[in-house]
Amino acid sequence: MNLHAAAAHIPHGLVLTLVLSALLGGCANTPGKAPVEDRNAAGRAVPAALPPVTTANPVEPAAKPLHGAENAGKSGYYTVKPGDALIRIGLDQGQNWRDIARWNNIDNANLIEVGQVLRVLPPGMDAGPAKPPTAAAASAAVPRPVLPPGASASAPAPSTPVPAPAIATPAAPREGDDDVNWAWPAAGPVAAGFEEGRNKGLAISGRTGDPVLAAADGRVVYAGSGLRGYGNLIIVKHNATYLTAYAHNHALFVKEDQAVRRGQRIADMGATDAERVQLHFEIRRQGKPIDPAKLLPAR
């Protein structure tokens with residue numbers, strides 16, 4: 001009897017059972033597990049989600065310290081504040097702004113940053129000892145201990161107090177710098193006098209084109225209109241202690257680094273950046289405005 005004839009005598013149910021057993025046996029001998037797949041509504045396989053990739057937070061590079069930061073608070077140095085310009089810093093420090101730029105290797109006077117510390121005295125010049133702090137300042141500089149509830153306020157102070165920071169002071173005036181032969185810079189009447197903290201100089205009235213004269217011998221350290229509120233401005237440095245400022249001019253007749261003599265016509269009076277024609281005249285001693293009427297001769 002051949003195989004076909006033998007198969008014909010096997011019941012149909014038994015054949016089906018043998019086929020299923022063979023299939024199940026083949027699956028059991030396959031090593032490993034079958035991959036698990038999710039299927040979406042359309043019946044398509046959806047790959048299993050990958051675990052999230054975690055990365056360490058990138059370390060931000062440390063901010064580059066500003067130029068001269070190590071000199072902050074030292075005598076003879078100035079820390080740039082918002083709104084500062086090199087011309088104004090020079091005026092307030094009693095220095096030629098170009099000198100300040102050179103001492104600090106500044107190529108572009110418009111590129112100074114808030115927090116930048118600038119040398120405002122010539123290199124090698126002794127700025128003088130720092131002014132000692134007052135008792136109140138020294139006390140405020142020492143941190144007070146935090147007392148627990150119920151503790152006595154008379155607890156002993158820390159054994160090692162924190163020293164108070166030094167207060168920067170300008171250089172002492174040079175001997176002979178006060179011997180300046182002053183003259184009135186304009187002939188008109190004084191419309192507004194010096195007022196500490198409000199008006200830094202004298203407002204001298206006149207008409208457009210009236211002569212503006214150098215108040216003493218010196219050298220022009222600024223001539224232009226780059227300082228807001230002053231209009232066409234001239235600044236003359238007379239020595240290491242004194243400089244003068246002439247603002248709101250109509251026309252300027254001198255240039256920077258030009259030597260001028262007492263009584264020389266340096267500008268015409270005007271009203272640039274002002275409400276009326278006037279000369280705003282300042283005398284600054286080591287950059288600090290002082291009352292010009294105390295130095296100018298009696299009329």
With no hydrogens and no angle check, just 3.5 Å: does a side-chain donor-acceptor pair link [X] and [Y]?
X    : Y    : result
Y246 : T244 : yes
Y77  : E70  : no
H280 : E282 : yes
Y222 : N96  : no
D178 : Y242 : yes

Which atom pair, heavy atoms only, marks the closest approach of [X] to [Y]?
X    : Y    : result
Q116 : L111 : OE1-O, 4.4 Å
P185 : L296 : CD-CD1, 4.4 Å
I234 : N249 : N-ND2, 4.3 Å
L202 : G193 : CD2-CA, 3.9 Å
G90  : L243 : O-CD2, 4.4 Å
G263 : L213 : O-CD2, 3.6 Å

Within-4.5 Å side-chain heavy-atom neighbours: [X] and [Y]:
X    : Y    : answer
D268 : V212 : no
D257 : R98  : no
Q95  : W103 : yes
N239 : D179 : no
R265 : P211 : yes
Y78  : I89  : yes
I266 : L252 : no

Would you kindly confirm whether [X] and [Y] end up in one hydrophobic cluster when ILVMFWY residues are joined by side chain heavy atoms under 4.5 Å apart?
X    : Y    : answer
V260 : L233 : no
V221 : F281 : no
L91  : I106 : yes
V236 : W184 : yes
F253 : Y230 : no

**Report entry** Any donor-acceptor N/O pair, T272 side chain to H250 backbone, under 3.5 Å
**Finding:**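 Not confirmed, T272 side chain does not pair with H250 backbone.
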
Query raised in the report: Hey, is the main chain of A101 close enough, under 3.5 Å, to the side chain of N104 for a donor-acceptor pair?
Result: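 No, because the side chain of N104 does not come within donor-acceptor range (under 3.5 Å) of the backbone of A101.
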
Tell me if the [atom1] atom of [X] is crowded by more than 12 foreign heavy atoms within 6.0 Å.
X    : atom1 : result
E195 : CD    : yes
N108 : CG    : yes
R276 : CZ    : no

**Report entry** From N199 atom CG to F194 atom CZ, the distance as rounded to the nearest 0.5 Å
**Finding:**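 Output value for this atom pair is 8.0 Å.
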
Query raised in the report: CD of E256 to CZ of R219: how many Å apart, nearest 0.5 Å?
Result: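 Separation between the atoms: 12.0 Å.
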
Report task. Mark yes or no: R262 above the aromatic ring of W182, with NZ or CZ under 6.0 Å from the six-membered ring centre and no more than 45 degrees from the axis. Result ->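 Relative to the ring axis of W182, which defines the angle, R262 lies outside at least one limit.
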
Requested in this report: Might you work through the side-chain contact (heavy atoms from CB on, under 4.5 Å) test for H248 and M269, ending with a clear yes or no?
Outcome: CA-CA 7 Å; H248 309 309; M269 192 179 295; over 6 Å; no

Report task. Could you tell me whether D217 and R261 have a side-chain N and a carboxylate O separated by less than 4.0 Å? Result ->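 Salt bridge: yes.
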
Query raised in the report: Going by an N to O cut-off under 4.0 Å, is there a salt bridge joining R284 and D92?
Result: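 Looking at D92 together with R284, the answer is yes, because their closest N to O distance falls below 4.0 Å.
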
Requested in this report: Give the C-alpha distance, both sets of side-chain angles, the deciding distance and a yes or no for salt bridge (Lys or Arg N to Asp or Glu O under 4.0 Å) between R102 and D99.
Outcome: CA-CA 5 Å; R102 187 176 69 254; D99 288 339; 3.0 Å; yes

